[in-house]
Amino acid sequence: MSANRLDRNVVVLGGMGVGKSTAIQRFLNNEFNESHYPTVSNTYNKRITLNDREYNLTITDTAGQDETSILDPNYAGATDVYVIAFSVAYRKSFDIAKVVRDKILDISGVESVAMVLVGNKSDLKADRQVSRAEAEELARAFNCPYVETSAKENQNIEELFVKSVKIANKARGDD
Ligand code: GDP
Ligand code: MG
């Protein structure tokens, strides 16, 4: 097995303001930042160990000028797993997640791709607009896992990226 088989490219997509950048920063640096940088797109690297294997994750944070982050068709070929994020406190971002998935399938030209659906901001309990059951139902329709996170309270962020690697491995027949 060659070493570069352990590179995994993760692309994080979803509506604006759902917490994509915050979740990534939380994972990389264990930081929470209140600020919002809507137009910044960036790529990061992090090594993680999973089941005694070392992975080099390349995480692409996406951003757009309008409500949806932009999926650069150039990502498509190199992407191992898509993380589609919405905010459980913002119904519209849940609808946007469906649009984002359709776009991914369009651009990839395949019927299914490795993805993980993420409901972020689970700490905003009083403001919840999307139930866990509803999100799980959508994930079933997408044939992908659902992870509920809070980047603010550092809930399930590590689990989200670990799950992403597992799904990427499964798609490669490499689990
Ligand atoms: P992006 O556009 O998806 O990258 O969203 P950002 O990461 O810029 O986050 C948008 C806003 O939501 C910022 O003010 C963050 O501090 C806030 N935010 C991100 N994650 C959470 C979370 O889990 N809970 C709460 N309450 N706020 C969050
Ligand atoms: Mg962002």
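Remember, it's 1-based here, ligands and their atoms both numbered in the order they're listed.
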Does any N/O atom on Leu124 come nearer than 3.5 Å to any N/O atom on ligand 1?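 No.
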Heavy atom under 4.0 Å from ligand 1: found in Val18's side chain, backbone, both, or neither?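 Answer for Val18: both.
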Specify side chain, backbone, both or neither for Asp61, according to which of its non-hydrogen atoms lie closer than 4.0 Å to ligand 1. neither
Which atoms of ligand 1 sit under 4.0 Å from any heavy atom of [X]?
X	value
Lys152	22 (C), 23 (O), 24 (N), 25 (C), 26 (N)
Thr22	6 (P), 7 (O), 9 (O), 15 (C), 19 (C), 20 (N)
Ser21	4 (O), 7 (O)

Those residues that, when tested against Phe94, pass ring-ring contact (aromatic ring centres under 6.0 Å, His included) (two or more places apart):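 Phe94: ring-ring contact (aromatic ring centres under 6.0 Å, His included) contacts with Phe86.
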With Asp80 as reference, evaluate Lys166, Lys170, Arg172 under the salt bridge (charged side-chain N to carboxylate O under 4.0 Å, His left out) test and give the passing residue. Arg172
Side chains of Gln25 and Tyr44 in contact at under 4.5 Å (non-hydrogen atoms): yes
Would you indicate whether the side-chain heavy atoms of Phe27 and Ile59 approach each other to under 4.5 Å? yes
Of the listed options Ala151, Ser93, Gly14, closest to atom 23 (O) of ligand 1 (non-hydrogen atoms):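 Among Ala151, Ser93, Gly14, the closest heavy atom to atom 23 (O) of ligand 1 comes from Ala151.
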For atom 27 (N) of ligand 1, which candidate among Met16, Glu153, Lys121, Gln25 provides the closest heavy atom?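 Looking at heavy atoms only, the winner is Lys121.
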Considering all heavy atoms of both residues, which atom of Tyr82 and which atom of Ser108 are nearest to each other, and what is their separation? OH-OG, 4.2 Å
Report yes or no: does Thr62 have an N/O/S atom closer than 2.8 Å to the Mg ion (ligand 2)? no
Qualifying side-chain hydrogen bond (donor to acceptor under 3.5 Å, both in side chains) pairs with a residue from residues 121-131, counting only residues at least two apart or across chains: Asp123-Ser150, Arg128-Glu148
So, does Lys20 use its side chain to make a donor-acceptor pair with the main chain of Gly15 at under 3.5 Å?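 Such a contact is found between Lys20 side chain and Gly15 backbone.
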